[in-house]
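Note sheet for the following structure.
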Amino acid sequence: MKRRFYLDPHGCAKNQVDGEVIMSVLEHAGWESSADSDTADLIIVNSCGFIESAKKESIEAVLSYRQLYPGKRILLAGCLAQRYAEELAAELKEADALFGNTDLSRITEAADLAMAAAHTALVPPLDPTGKTDFARCSDDRPLLSLPGSAYVKITEGCDNRCTYCAIPLIRGNLRSRSIDSIVAECSGLIQRGVKELCLIGQDLGSYGKDGAAGSFDAGHCRLSELLAALSELPGNFWIRLLYIHPDHFPYNILPLMQRDPRILPYFDLPFQHASAKILRLMNRRGDSETYFALLAAIRDALPEATIRSTFLVGFPGETDEDMETLLNFQQKAQLDWLGVFTYSREENTPAYDMKGRPSKKVAESRKQRIEAAQIPITEAKMDRFVGKTLPVLVEERIENEEGLYLGRTVCQAPEVDGATVLSSDTDLKLGSIVFAKIFSRAGFDLDAAYRHTL
């Protein structure tokens with residue numbers, strides 16, 4: 001009888017891909033995936049260790065499973081296990097074993113340790129050469145996304161060294177996959193029926209700069225060459241780019257996006273701040289003027305572009321004046337989507353010992369001010385789509401509502417943006433792209449009526 005595992009995913013899209021690879025490796029090794037934790041022999045918590053709230057959530061998941069299933073085996077995997085392996089192995093006895101994320105092909109060893117209640121950590125060292133294949137088993141991995149969409153990880157790690165960020169401590173330096181490897185994976189996903197390929201990495205603008213694959217010229221972004229190769233693939237699909245550091249945006253991707261509308265004019269640019277002083281403390285080079293110039297260049301090349309960003313408030317040294325600079329930037333930038341976070345003080349990062357950190361109360365107040373100011377901006381940005389006929393990726397049927405579906409159009413990335421509520425008199429295939437007319441906006445969501453299938 002096959003042993004069964006249940007994966008509980010936490011964290012970002014990059015962690016989701018790791019979870020998919022974990023599932024694939026285990027299934028190839030003879031394990032069987034369980035749809036729920038009740039029927040599993042092993043529960044795997046694929047954790048996030050990026051900020052304090054995410055760490056707490058992952059720990060609480062382990063504690064909850066132990067309380068609910070005293071006799072089951074629990075494996076804590078992912079970023080949290082990678083970052084705090086020794087401490088958690090000694091202190092978190094509710095976990096039967098821990099597993100880092102540097103070499104996912106060894107998950108079967110970690111699963112065996114957990115089944116034996118070894119109370120130890122398996123954390124292979126980071127590979128500085130970049131030879132470890134972080135995309136192992138990607139061709140046939142199960143997909144945890146909603147129908148029709150898949151994340152494709154094109155880089156691992158990061159060399160940007162923002163002073164607040166623990167990613168290099170967890171995932172190491174930048175490692176890029178080869179163009180051939182990524183194109184092969186995307187081709188396979190398209191053949192499996194995937195319609196939206198979401199390219200992810202800590203910073204797509206750094207893709208290829210490490211020279212990890214022999215054909216790369218170290219120091220130069222190769223994203224445009226990757227997109228050109230993907231553009232040669234036949235079929236009706238989308239390519240969505242997520243997470244491009246604005247300080248080294250690859251402008252040469254804009255002509256490619258003009259020529260191939262399948263490369264969506266959607267940009268996730270984490271500006272983080274607009275005060276030059278705070279940005280320098282973050283080890284970032286930009287400022288309001290350079291970021292305005294970037295926005296203007298994108299909108300000039302692609303007038304229908306959708307731009308998402310994130311702001312980080314409460315950073316050490318942030319004053320009321322810096323906050324006003326950020327609010328002014330927000331009003332002038334008119335971003336379509338915006339996420340706001342308060343600074344999380346992370347051990348072993350350069351910002352950890354910086355002085356002048358605003359109180360949590362002040363940071364939260366600043367976060368709420370920005371969020372409130374963004375509501376009318378995003379609503380107005382979504383209003384521009386009303387009356388247009390747009391492609392919509394159909395993802396879910398709305399339960400107990402005949403003829404209603406949830407999906408996303410070009411301006412909506414998975415999980416972080418609003419949705420499109422789609423009405424149709426005919427049955428629609430989940431995971432397909434259809435055309436629908438947007439007839440209204442409801443909050444941040446769009447209401448649409450089905451017109452025809454792509």
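By convention here, the first residue in the shown sequence is residue 1.
- Across C48 and L80, no two heavy atoms sit closer than the pair O-CB, 3.8 Å.
- Although no hydrogens or angles enter the test, the distance criterion places a donor-acceptor pair under 3.5 Å between the side chain of Q374 and the main chain of L335.
- Taking each heavy atom of I200 and Y243 in turn, the nearest pair found is CG2-CE1, 3.9 Å.
- Taking a cutoff of 4.0 Å between a charged side-chain nitrogen and a carboxylate oxygen, K153 and D18 qualify as a salt bridge.
- Using a 4.5 Å heavy-atom cutoff, the side chains of R161 and N173 are in contact.
- Atom CD1 of residue I22 and atom CG of residue L75 lie 7.5 Å apart, to the nearest 0.5 angstrom.
- In this structure, R240 contributes its side chain and Q412 its backbone to a donor-acceptor pair below 3.5 Å.
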Problem set entry | L199/L230 under side chain to side chain contact (heavy atoms under 4.5 Å, CB included): CA gap, chis, key distance, verdict | CA-CA 11 Å; L199 304 190; L230 292 174; 3.9 Å; yes

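- Listed for the D247 side chain is no donor-acceptor partner under 3.5 Å among the backbone atoms of R284.
- With hydrogens and angles ignored, the 3.5 Å screen pairs no side-chain donor or acceptor of D41 with any backbone N or O of R3.
- One N or O on the side chain of D322 and one on the backbone of T319 form a donor-acceptor pair closer than 3.5 Å.
- Between F329 and F311, the ring planes lie tilted relative to each other; the angle falls in the 30° to 60° range.
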For residues 398-405, tabulate all N or O donor-acceptor pairs below 3.5 Å that involve a side-chain atom, not counting sequence neighbours.
from, atom 1, to, atom 2, distance (Å)
Y405, OH, L428, N, 3.0

Exercise. Checking side chain to side chain contact (heavy atoms under 4.5 Å, CB included) for the pair D336/R308: CA distance, chi angles, key distance, verdict?
Worked result: CA-CA 6 Å; D336 296 80; R308 160 173 277 280; over 6 Å; no

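- Side-chain atoms of T310 never come within 3.5 Å of backbone atoms of G339 as a donor-acceptor pair (strictly under, hydrogens ignored).
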For this session: Please test Q272 against Y164 for side chain to side chain donor-acceptor pair (under 3.5 Å), starting from the C-alpha separation and ending with a verdict.
Result: CA-CA 11 Å; Q272 305 300 15; Y164 55 82; 3.3 Å; yes

Review item, side-chain donor-acceptor pairs of residues 347-360, under 3.5 Å, at least two apart:
from, atom 1, to, atom 2, distance (Å)
E347, OE1, Y84, OH, 2.8
T349, OG1, E346, O, 2.6
S359, OG, V362, N, 3.1

For this session: Evaluate the side chain to side chain contact (heavy atoms under 4.5 Å, CB included) criterion for residues T39 and Y6: first the C-alpha distance (whole Å), next the side-chain angles of each, then the deciding distance (0.1 Å), finally the verdict.
Result: CA-CA 8 Å; T39 59; Y6 172 75; over 6 Å; no

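- A side-chain donor-acceptor contact under 3.5 Å links N46 to the backbone of N15.
- The minimum heavy-atom distance between L233 and R262, with the atom names listed, is O-NH1, 2.9 Å.
- Interatomic distance, K72 NZ to I43 CD1, rounded to the nearest 0.5 Å: 6.0 Å.
- Using a 4.5 Å heavy-atom cutoff, the side chains of L406 and T420 are not in contact.
- Judged by distance alone, with hydrogens and angles left aside, the side-chain atoms of H119 form a donor-acceptor pair with the main-chain N or O of A95 at under 3.5 Å.
- Side-chain contact between T163 and L281 is absent, with no heavy-atom pair separated by less than 4.5 Å.
- Note: W337 and F444 have perpendicular aromatic rings, judged against thresholds of 30 and 60 degrees for the angle between ring planes.
- Annotation: side chain of T378 is not in contact with side chain of L338 (no heavy-atom distance under 4.5 Å).
- Between S24 and D140, the closest side-chain pair of non-hydrogen atoms falls below 4.5 Å.
- Using a 4.5 Å heavy-atom threshold, the side chains of C162 and H245 count as touching.
- Considering all non-hydrogen atoms of both residues, S58 and V45 come closest at O-CG1, 4.1 Å.
- Taken to the nearest 0.5 Å, the CG atom of L393 stands 9.5 Å off from the CG atom of L430.
- Atoms CD1 and CH2, from I107 and W31 in turn, are 9.0 Å apart once rounded to the nearest 0.5 Å.
- Residue E379 comes nearest to G443 through the heavy atom pair CG-O, 4.0 Å, listed as atom of the first residue, atom of the second, then distance.
- The 12-atom threshold is not exceeded at CG of D425, counting heavy atoms of other residues, nucleotides or ligands nearer than 6.0 Å.
- Between R4 and D36, no side-chain nitrogen of the basic residue sits less than 4.0 Å from a carboxylate oxygen of the acidic one, so the salt-bridge criterion is not met.
- A side-chain donor-acceptor contact under 3.5 Å links S37 and Y69.
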Problem set entry | Pair S64-L68, side chain to side chain contact (heavy atoms under 4.5 Å, CB included): steps then yes or no | CA-CA 6 Å; S64 296; L68 189 60; over 6 Å; no

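- Each of K14, R171, R175 was evaluated against E156; a single residue qualifies, R171, per the side-chain hydrogen bond (donor to acceptor under 3.5 Å, both in side chains) test.
- C158 places none of its side-chain heavy atoms less than 4.5 Å from the side chain of C165.
- Between D417 and R408 the shortest side-chain heavy-atom distance does not fall below 4.5 Å.
- Annotation for E371 and V340: closest pair CG-CG2, 3.9 Å, computed over non-hydrogen atoms.
- At most 12 heavy atoms of other shown residues, nucleotides or ligands fall within 6.0 angstrom of atom NZ in K56.
- Remark: E86 CD is loosely packed, at most 12 non-hydrogen atoms of other residues, nucleotides or ligands lying under 6.0 Å away.
- When atom types are taken as modelled, the side chain of Y65 and the backbone of R73 share no donor-acceptor pair closer than 3.5 angstrom.
- Atoms CD and CD, on E32 and E27 in that order, are 8.5 Å from each other to the nearest 0.5 Å.
- With rounding to the nearest 0.5 angstrom, the CD1 atom of I170 is 8.0 Å from the CD atom of Q82.
- For the pair R66 (side chain) and E94 (backbone), a donor-acceptor distance under 3.5 Å is present.
- The closest side-chain donor-acceptor pair between E318 and Y343, if any, does not fall under 3.5 angstrom.
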